[in-house]
Structures are given as C-alpha cells and as structure tokens.
Amino acid sequence: CNLPASELRSKITNNTGIPVSVGYARTKTLVKIASKIAKKRKDFAFDLKAEDEDAILSDFPVNDVWGVGWNWGEKLPKIGIRTAKSLRDMDDDYVLKHYPITLMRTIYELRGIDAHIESDKRISLRSGITFKEPVYTPNEMIDSLTIQAETLSRKLNEKNLLASTFGINFFSSRFMDNFSSPYAAVKLEYPTSYLPHFAKIIETLTPRIFQPG
C-alpha cells in the first residue's frame with residue numbers, strides 16, 4: 001500500500017468501523033516498533049522513515065524490541081545495551097560469539113535488512129556442505145560457499161524464481177565446546193538469481209563473520 005499510515009488508518013476505520021493503529025517501516029521488526037509508537041499517538045498512525053530511525057531507536061527500550069525476549073531484555077542492559085539503537089549498533093563479531101543467531105537477525109532487521117523468514121509466505125532455498133576437517137581461512141570458506149551459491153542459482157532458475165535476500169551461515173562442530181553459528185544476510189536491492197552477484201556478497205560477508213576452525 002502506498003498510502004501514508006494516517007490515511008490508511010482513516011480508510012480502514014471509515015470503511016469497517018474498526019478502530020486500528022497503523023505503523024509503517026522498512027522491516028518487520030521496525031514495523032513492530034512503529035506500531036507501538038502509533039498506539040500512543042492521537043491519530044494512531046506512524047511512519048518510521050529511514051532518516052528518522054536513529055532518533056526513534058535511541059529512545060526505544062531494548063526490552064520492548066520484538067525478538068529480544070524477556071531473557072535478553074534483562075541481560076542486555078547490564079552490558080550497556082539499553083536502547084534499540086545500541087542493540088542495532090552492536091559489534092557483529094561480539095554478538096555472534098555470545099548470543100543466539102535469532103538476536104543477530106533482530107539486529108539486521110533494526111538495520112533495515114529483512115532477516116526473518118516466514119515460511120508460509122515465502123520460499124526458502126538452502127544448500128550446504130559438511131567439512132571433514134576444520135576450515136582455517138576465509139578463502140577456503142569463500143570457495144566452498146560459492147559452490148553452494150552455484151547450486152542455489154541453478155535451483156532458482158529451474159523454478160523461475162528470484163532471491164530477495166541472500167544469507168550465509170557457518171557452524172562449528174556440535175561435539176566441541178564453544179559451539180558457534182555466525183550468520184549474515186543482505187536484502188538485495190534488486191531480486192536476482194545471478195551467480196556473480198551472490199559470489200560478490202559471499203566475498204564481502206565471509207571475512208566479517210569468519211571464525212578460524
């Protein structure tokens with residue numbers, strides 16, 4: 001819908017007689033924040049624009065962010081993460097080392113990157129490999145991921161589909177201590193199935209989250 005939140009809210013209320021609040025934003029997590037703000041406004045509508053996100057997130061409590069949960073909502077303030085903005089700006093390596101992948105996805109959402117998968121509304125294609133030995137360099141991982149991306153590109157073309165989000169995920173051995181599963185994803189500006197585009201994303205994201213071994 002291209003209508004501003006206030007106009008959409010008025011249209012729904014006038015046509016149905018049902019009082020609603022309407023919030024607009026770039027991702028589902030940001031929409032949840034916009035919706036909470038909308039409920040407190042006189043017109044029950046709020047458009048959370050990208051240029052206003054810093055100011056809004058600076059005043060939004062971290063424990064009210066959708067996806068944080070009561071457990072992390074209590075623990076994060078103890079390390080100085082009290083607002084949605086401070087959560088959004090956390091160091092990726094630190095988050096991936098100390099917190100579950102779901103929190104990293106919430107952080108990506110706060111950055112305007114669609115990272116939540118809704119299986120009932122979209123198709124999720126995956127391809128993976130298990131290594132016999134630990135991988136010690138980013139280049140080794142990049143080579144392996146590019147092969148998996150080639151498989152995904154072929155599957156997309158076979159199904160006549162285009163990807164709107166592309167992500168990579170590593171896992172350390174579940175039988176060893178300090179299990180970790182770093183994850184990164186980007187929302188594509190233009191949906192695509194083009195392998196070189198995927199390869200470029202892999203080359204960019206892998207060094208950011210790679211953990212030797």
Side-chain angles (χ1 to χ4, degrees), residues 1-2 24-32 48-54 57 66-67 87-97 99-172 180-213:
C1 180
N2 294 322
Y24 274 173
R26 295 193 289 166
T27 65
K28 189 169 184 178
T29 298
L30 290 172
V31 164
K32 294 283 187 178
L48 178 51
K49 299 177 181 178
E51 59 266 28
D52 297 328
E53 287 173 4
D54 273 7
L57 298 182
W66 181 67
L87 175 62
R88 182 200 68 183
D89 296 339
M90 285 184 73
D91 178 73
D92 288 11
D93 291 338
Y94 180 84
V95 175
L96 292 166
K97 184 176 181 180
Y99 297 95
I101 189 91
T102 51
L103 186 65
M104 191 71 246
R105 289 173 180 158
T106 296
I107 291 172
Y108 276 114
E109 287 266 320
L110 291 172
R111 295 173 183 173
I113 301 171
D114 184 6
H116 284 290
I117 297 173
E118 299 178 34
S119 59
D120 58 330
K121 295 183 179 180
R122 66 179 67 184
I123 295 174
S124 178
L125 296 180
R126 302 169 185 266
S127 183
I129 185 174
T130 300
F131 298 97
K132 293 182 179 179
E133 301 291 338
V135 176
Y136 291 102
T137 68
N139 286 339
E140 289 180 88
M141 185 64 77
I142 288 171
D143 290 343
S144 296
L145 287 172
T146 302
I147 293 173
Q148 305 311 311
E150 184 176 3
T151 299
L152 289 173
S153 177
R154 185 177 66 253
K155 288 182 178 179
L156 287 167
N157 290 326
E158 289 174 350
K159 297 177 181 293
N160 196 28
L161 296 172
L162 298 175
S164 59
T165 302
F166 187 89
I168 59 176
N169 197 183
F170 316 145
F171 295 89
S172 61
S180 64
S181 58
Y183 169 86
V186 296
K187 186 173 183 179
L188 304 176
E189 184 176 2
Y190 302 103
T192 184
S193 62
Y194 189 47
L195 176 59
H197 196 164
F198 295 158
K200 185 176 180 180
I201 295 172
I202 290 170
E203 290 177 359
T204 300
L205 294 184
T206 301
R208 296 181 186 175
I209 65 173
F210 182 79
Q211 299 173 19

message = side chain to side chain contact (heavy atoms under 4.5 Å, CB included) for K187 and R26? Distances and angles first, verdict last.
response = CA-CA 11 Å; K187 186 173 183 179; R26 295 193 289 166; over 6 Å; no

Mind checking the [atom1]-[atom2] spacing from [X] to [Y]? Nearest 0.5 Å is all I need.
X	Y	atom1	atom2	result
E109	R111	CD	CZ	12.0 Å
T165	I113	OG1	CD1	9.0 Å
K200	H197	NZ	NE2	7.0 Å
D143	Q148	CG	CD	11.5 Å
I209	F170	CD1	CZ	4.0 Å
L161	L125	CG	CG	6.5 Å

task = For residues V135 and F210, determine if any side-chain heavy atom of one lies less than 4.5 Å from a side-chain heavy atom of the other.
result =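 Counting from C-beta outward, V135 and F210 do come under 4.5 Å.
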
message = R88 and side-chain contact (heavy atoms from CB on, under 4.5 Å): which single residue from D54, L30, T106 fits?
response =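 The option that passes is D54.
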
query = Are F198 and T192 close enough, and set up right, to give a side chain to side chain contact (heavy atoms under 4.5 Å, CB included), and what steps lead you there?
reply = CA-CA 9 Å; F198 295 158; T192 184; 3.9 Å; yes

query = Could you walk me through whether M141 and F131 pass the side chain to side chain contact (heavy atoms under 4.5 Å, CB included) check?
reply = CA-CA 10 Å; M141 185 64 77; F131 298 97; 4.2 Å; yes

Minimum heavy-atom separation for [X] and [Y], please, with both atom names.
X	Y	value
L103	L87	CD1-CD1, 4.2 Å
L96	M104	CD2-CG, 3.7 Å
R126	L152	C-CD2, 3.5 Å
T206	I202	OG1-O, 2.7 Å
S153	S193	OG-O, 2.6 Å
D114	T27	N-CG2, 4.0 Å

key: P182 backbone acceptor or donor facing N169 side chain under 3.5 Å   =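 Yes.
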
ask   = Relative to the ring of Y108, is the ring of Y183 parallel (under 30°), tilted (30 to 60°) or perpendicular (over 60°)?
value =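 Plane angle over 60°, so perpendicular.
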
ask   = Are I201 and I168 close enough, and set up right, to give a side chain to side chain contact (heavy atoms under 4.5 Å, CB included), and what steps lead you there?
value = CA-CA 9 Å; I201 295 172; I168 59 176; over 6 Å; no

request  = Determine whether more than 12 heavy atoms belonging to other residues, nucleotides or ligands lie under 6.0 Å from atom OH of Y194.
outcome  =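 Not more than 12 within 6.0 Å, no.
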
message = With a 6.0 Å cut-off (strictly less than), is the heavy-atom count around CD of E133, excluding the residue itself, greater than 12?
response =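 Atom CD in E133 is not crowded, with 12 or fewer foreign heavy atoms closer than 6.0 Å.
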
